[in-house]
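Before I ask anything, let me first share the structure, which is written out below as structure tokens.
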Amino acid sequence: MYGDTEQAAAAAAERTAFRRAEKQYKLYKPLKPKGGRARSKPGGGGGGGGGLEDLSAVVDFHALLAAGGGELPGGIGRRDVAGFDRPVFCFLDRPGFYFIPGALSIEEQCYWIRESLKTFPQPPNRTNLTALYGPIFDLLTAAKSGKILVEVGNPNDQERSEQNSDGRKSNSFKFLEDTEIQKGEVCRSTAATTLVRKLRWSTLGLQFDWSKRNYDVSLPHNKIPDLLSVLAKKMAIPAMPSGEEFKPEAAIVNYYGPSDMLGGHVDDMEADWSKPIVSISLGCKCIFLLGGKTRDEVPTAMFLRSGDIVLMAGEARECFHGNAFY
């Protein structure tokens with residue numbers, strides 16, 4: 001009975017307006033039949049899969065900015081903020097949502113990309129790899145050096161079987177050069193370059209427990225890096241009440257590979273929804289979908305480029321949103 005109910009719920013989700021938009025814009029990987037040439041997924045999505053989707057309905061804030069101060073399309077407005085030196089767009093029917101195109105310079109983007117790969121995954125920050133391997137230090141450096149993460153000692157020993165409070169084994173993996181691994185020794189090992197490709201998220205500041213979907217204040221953590229905190233405070237100004245300063249306490253860094261996507265969701269774990277989410281985009285262009293308070297509302301699609309920043313506060317915090325078309 002439970003299985004039938006679960007399947008029915010999944011089938012219903014597939015029929016929602018938000019899910020249809022996700023399928024419309026998703027970039028599908030080419031399917032490779034045995035002994036044949038690559039072909040696109042039937043009924044597939046965006047450009048990389050071979051299909052040519054109609055992107056005429058996708059809002060392009062960079063194009064609107066380049067067009068100057070002319071009349072904006074219906075439903076789109078500009079927000080003038082005292083003391084804020086960047087253009088801010090909004091949707092008139094989505095109060096609390098703000099889009100800042102080109103908020104970061106090329107130099108700033110390069111800096112934060114390096115930090116996202118080199119510094120942000122450093123313990124005590126947790127990543128999606130932590131539960132499998134424990135704390136991993138200097139992952140990017142190890143990848144550049146061609147090192148391999150190897151399970152050391154006997155994982156069945158009593159000493160190695162001790163577990164931390166989050167259920168993972170402690171101190172059982174370390175990076176080694178290929179020449180340091182004894183030939184014929186049987187052990188679990190993974191190339192550091194492979195681990196970089198498998199990196200999907202890291203958490204800064206207060207640590208988020210994905211299994212319980214809440215913030216676990218008991219987990220070791222550092223405060224948000226000062227420069228990131230300063231950037232978030234500055235960029236949050238359009239979404240903050242006059243005279244109030246944004247004080248970031250936690251951040252989640254999402255890493256995407258080719259054809260990855262972030263499904264429609266609502267960020268509802270914070271106690272105070274009046275404060276904004278400050279979302280910084282780095283890397284490849286994608287399509288951002290902003291829906292309503294249910295998945296049945298047709299979402300608005302917009303191009304999201306490296307250096308753009310999205311703010312969601314107040315009523316916008318209740319809106320489903322996600323990314324597609326990587």
_Residue pairs, two or more places apart or on separate chains, that pass salt bridge (charged side-chain N to carboxylate O under 4.0 Å, His left out) and touch residues 55-76_ =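 As it turns out, the salt bridge (charged side-chain N to carboxylate O under 4.0 Å, His left out) pairs with a partner in residues 55-76, which skip direct neighbours, are D60-R305.
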*Under a 4.5 Å cut-off applied to non-hydrogen side-chain atoms, are T16 and D296 in contact?*
yes
_Salt bridge present between E318 and R94 (N-O < 4.0 angstrom)_ = no
*What pair of heavy atoms forms the shortest contact from A316 to G96, and how long is it?*
CB-C, 3.5 Å
*When you check the side-chain N and O atoms of Q109 and S306, is any donor under 3.5 Å from an acceptor?*
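On atom types as modelled, these side chains qualify, holding a pair under 3.5 Å.
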*asked:* Hydrophobic clusters here meaning ILVMFWY residues chained together by side-chain heavy-atom distances under 4.5 Å, can you tell me if L227 and V253 are in one?
replied: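 Same hydrophobic cluster.
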*Charged N to carboxylate O under 4.0 angstrom, K174 versus E151?*
no
*Taking all non-hydrogen atoms of both residues, which atom of P299 and which atom of A21 are closest, and how far apart?*
CG-CB, 3.5 Å
*Ignoring hydrogens and angles, tell me if any N or O in the side chain of N254 forms a donor-acceptor pair with the backbone of W201 under 3.5 Å.*
no
*asked:* With a 4.5 Å cut-off on side-chain heavy atoms, are D308 and I100 touching?
replied: no
*Quick one: sort the Y215 and F208 rings into parallel, tilted or perpendicular, breaks at 30° and 60°.*
perpendicular
*Side chains of V152 and F173: does their closest heavy-atom pair fall under 4.5 Å?*
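No. Closest side-chain heavy atoms not under 4.5 Å.
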*Atom CG of L129 and atom CG of L199: how far apart are they, to the nearest 0.5 Å?*
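Separation between the atoms: 5.5 Å.
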*Do I287 and M302 touch side chain to side chain, with heavy atoms closer than 4.5 Å?*
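SC-SC contact between I287 and M302 ruled out.
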*Could you walk me through whether L72 and F89 pass the side chain to side chain contact (heavy atoms under 4.5 Å, CB included) test, one step at a time?*
CA-CA 10 Å; L72 294 172; F89 291 94; 3.9 Å; yes
*asked:* Please check: side-chain N/O of H221 versus main-chain N/O of L204, any donor-acceptor pairing under 3.5 Å?
replied: no
*Walk me through it: do H321 and L262 pass the test side chain to side chain contact (heavy atoms under 4.5 Å, CB included)?*
CA-CA 9 Å; H321 58 280; L262 181 63; 5.9 Å; no
_L282 side chain near S116 side chain, heavy-atom distance below 4.5 Å_ = yes
*Would you name the heavy atoms of P220 and Q207 that are closest together and state the gap between them?*
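Looks like O-CG, 3.7 Å.
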*Transitively linked via ILVMFWY side-chain contacts under 4.5 Å: V310 with I252?*
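In one cluster: no.
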*Please check if atom CD in E249 has more than 12 non-hydrogen atoms from other residues, nucleotides or ligands closer than 6.0 Å.*
no
*Criterion side chain to side chain contact (heavy atoms under 4.5 Å, CB included) on L289 and E22, from CA distance to verdict*: CA-CA 8 Å; L289 298 175; E22 288 178 325; 3.8 Å; yes
*Between P276 and A239, what is the shortest heavy-atom contact and its length?*
CB-CB, 3.8 Å
*For residues V298 and F18, determine if any side-chain heavy atom of one lies less than 4.5 Å from a side-chain heavy atom of the other.*
no
*Donor-acceptor side-chain pairing of Q122 and D138 below 3.5 angstrom*: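 The answer is yes; a qualifying pair exists.
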*Are F246 and I280 connected in the hydrophobic side-chain network, where two residues link if heavy atoms are under 4.5 Å apart?*
yes
_I237 side, atom CD1; S242 side, atom OG - distance, nearest 0.5 Å_ =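 OG of S242 is found 10.5 Å from CD1 of I237.
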_Test item: T130 side-chain N/O and T127 main-chain N/O as donor-acceptor pair under 3.5 Å_ =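 Pair found, side chain donor or acceptor close to backbone of T127.
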*Step through the shown structure and confirm whether more than 12 heavy atoms of other residues, nucleotides or ligands are within 6.0 Å of CG on D80.*
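At most 12 heavy atoms, drawn from other residues, nucleotides or ligands, come within 6.0 Å of this atom.
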*Indicate yes or no for a side-chain donor-acceptor contact from R19 to the backbone of G264 under 3.5 Å, with no hydrogens or angles considered.*
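No, R19 side chain to G264 backbone: no donor-acceptor pair under 3.5 Å.
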_Stacked cation flag R200 on Y255, 6.0 angstrom / 45 deg_ = no
*Looking only at atom types and distance, does a side-chain atom of R79 sit under 3.5 Å from a main-chain N or O of P238, one as donor and one as acceptor?*
yes
*asked:* Tell me if a side-chain donor or acceptor on E244 pairs with a main-chain N or O of P241 at a distance below 3.5 Å.
replied: no
*Atom CG in L311, atom SG in C90: separation rounded to 0.5 Å?*
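Rounded to the nearest 0.5 Å, the CG-SG separation comes out at 11.0 Å.
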_Gap between atom CG of L195 and atom CG of L140 - 0.5 Å precision_ =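 CG of L195 is found 12.0 Å from CG of L140.
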*Can you hop from L64 to F91 via hydrophobic side chains spaced under 4.5 Å?*
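Yes: a chain of side-chain contacts under 4.5 Å links L64 to F91.
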*Indicate yes or no for a side-chain donor-acceptor contact from N125 to the backbone of S202 under 3.5 Å, with no hydrogens or angles considered.*
no
*If you look at every heavy atom in V278 and A236, which pair is closest and at what distance?*
CG2-CB, 3.9 Å
*I148 CD1 to T179 OG1 distance, which is reported to the nearest 0.5 Å*: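 Those atoms lie 9.5 Å apart.
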*Can you tell if the side chain of Y25 reaches within under 4.5 Å of the side chain of L55, non-hydrogen atoms only?*
yes
*asked:* I'd like to know if the side chain of N128 and the backbone of K198 have a donor-acceptor N/O pair within less than 3.5 Å.
replied: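 Yes, because the side chain of N128 sits within donor-acceptor range (under 3.5 Å) of the backbone of K198.
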*Nearest heavy-atom pair of Q24 and D54: which atoms, and what distance?*
NE2-O, 4.0 Å
*Measure from NZ or CZ of K285 to the centre of the six-membered ring of F303, then state whether that distance is under 6.0 Å and the direction lies within 45° of the axis.*
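Judged by the rule, K285 and F303 form a cation-pi pair.
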*In terms of hydrophobic clustering (I, L, V, M, F, W, Y; side-chain heavy atoms under 4.5 Å; direct or indirect links), are V266 and F288 co-clustered?*
no
*Could you go through the side chain to side chain contact (heavy atoms under 4.5 Å, CB included) check for K293 and E315 one step at a time?*
CA-CA 9 Å; K293 296 182 180 181; E315 290 187 37; 4.3 Å; yes
*Determine which pairs satisfy salt bridge (charged side-chain N to carboxylate O under 4.0 Å, His left out) with at least one residue from residues 219-236, sequence neighbours left out, and list them in order.*
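For residues 219-236: K223-D226, K233-E245.
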_Sequence neighbours excluded, every pair satisfying ring pair (Phe, Tyr, Trp, His ring centres under 6.0 Å) that has a member inside residues 109-131_ =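 Sorted pair list comes back empty.
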*How long is the gap from CD1 on I309 to CE on M235, to the nearest 0.5 Å?*
4.5 Å
*Could you tell me whether the side chain of L139 reaches within less than 4.5 Å of the side chain of F137, counting heavy atoms only?*
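No, side chains not in contact.
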_Would the distance check show the side chain of T194 and the main-chain N or O of T190 forming a donor-acceptor pair, the cut-off being under 3.5 Å?_
no
*State whether the side chain of R78 and the backbone N or O of V88 hold a donor-acceptor pair below 3.5 Å, judged by distance alone.*
no
